[in-house]
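Starting off with a structure, shown below.
Both counts, for ligands and for their atoms, begin at 1 and track the order of listing. Hydrogens, waters and symmetry mates play no part in the numbers below; they use all other heavy atoms, side chains included.
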Amino acid sequence: MTTIKVRDEQEIINKLASYIEKISNDAINSRGRFYVGLSGGSTVKYLCESLPRVDTEWSKWVLAFCDERVVAEDSEDSTFGTYKRRLIPKTGLKNSQFIVLKQGVTAQEAAVEYTQQLKIAFNGDNFKFDLLLLGMGPDGHTCSLFPGHPLLDEVNLPVAAITDSPKPPPERITLTFPVINNARNCIFTISGGEKADVVKRILKDKEDLPAGRVNPIAGSAYWIVDDAAAAKL
Ligand SMILES: O=C(O)[C@H](O)[C@@H](O)[C@H](O)[C@H](O)COP(=O)(O)O
């Protein structure tokens, strides 16, 4: 795990753009495709600012979600809906490059269906993302994997449903740790003083919280943290 301390959100955006450019072009040059997982929350803001600066072959990108809310695509709460409005028009990406949640089904059904879509995208069941873009909540959750939740120990389902998310909305699907830790790269972008305590608990005190369990087996985890969030390190 590598911690990159930066001054502020603008520097998070700058750093993120250069990491994504390198990782995406390495993946495309080696394997002809770039498989990336996107998170919601503040990650949306950072990606909407950083991705338009990335020099890459957009048509080679396959985009999925690290987690997604089980809501209508046109809902304010839809992560894909937000990227569709705020990111796609600023890049060379097309809606069809995103692996999106089936609409009008239960969270359980959505998780099963999403797994099927990933099998098609990855040509099998080894879901090895080149990059997962992650956020972390003030409680140390990442994706929709929350402290003390049984899903933290899920090892059979690559994509699971949660219906009691402490962060609204309650119904979501989420990648589980076997997939997360199978990624080549995971990047956290974390800013703001409200995260300083949990950043310390994970990075300094080594407390067992979900974001701290992101440790790719044959890959790298990067924590891009601004001064406010790193204040207690
Ligand atoms: O859809 C979601 O809710 C996100 O994927 C979620 O996991 C987010 O990354 C964290 O809650 C951190 O959110 P912030 O970065 O906005 O604090």
Item checked: Heavy-atom pair of closest approach, residues K90 and C48 ->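 Smallest interatomic distance, heavy atoms only, reads NZ-O, 2.8 Å.
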
Item checked: Between Y46 and S191, a side-chain donor and acceptor under 3.5 Å ->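 The answer is yes; a qualifying pair exists.
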
Check: Looking only at distance, does G40 have an N or O less than 3.5 Å from an N or O of ligand 1?
Finding: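 Among all N and O atoms of G40, at least one is under 3.5 Å from an N or O of ligand 1.
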
Margin query: So, regarding S144 and ligand 1 (criterion: nitrogen or oxygen to nitrogen or oxygen, under 3.5 Å), is there a contact or not?
Written below: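 S144 vs ligand 1: no N/O contact under 3.5 Å.
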
Next item on the list: Check if C66 has a non-hydrogen atom at a distance under 4.0 Å from any atom of ligand 1.
Entry: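 It does not, in that no heavy atom of C66 comes within the 4.0 Å cut-off of ligand 1.
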
Note to self: Could you walk me through whether Q10 and N14 satisfy the side chain to side chain donor-acceptor pair (under 3.5 Å) test, starting with their C-alpha distance in whole Å, then the side-chain angles of each, then the deciding distance to 0.1 Å, before giving a yes or no?
What the structure shows: CA-CA 6 Å; Q10 192 48 54; N14 299 343; 3.2 Å; yes

Checklist line | Enclosure of K128 NZ (heavy-atom neighbours >12, cutoff 6.0 Å) | finding: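 Enclosed: over 12 neighbouring heavy atoms sit under 6.0 Å from NZ of K128.
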
Check: So, N215 and N181: side-chain donor and acceptor under 3.5 Å apart, yes or no?
Finding: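 The answer is no; no qualifying pair exists.
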
Notebook entry, point to check: Looking at ligand 1, does any of its N/O atoms fall within less than 3.5 Å of an N/O of T43?
Noted result: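 No, there is no polar N/O contact under 3.5 Å.
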
Next item on the list: Could you pull out, from R69, E68, H141, the option with a heavy atom nearest to atom 11 (O) of ligand 1?
Entry: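 When every heavy atom of R69, E68, H141 is considered, H141 comes closest to atom 11 (O) of ligand 1.
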
Note to self: Side chain or backbone, does G137 bring an N or O within less than 3.5 Å of an N or O on ligand 1?
What the structure shows: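 In fact, backbone or side chain, G137 has no N or O that close.
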
Check: Under 3.5 Å, N or O to N or O, is K167 touching ligand 1 that way?
Finding: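 Between K167 and ligand 1 (N or O atoms, distance only) the closest approach is under 3.5 Å.
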
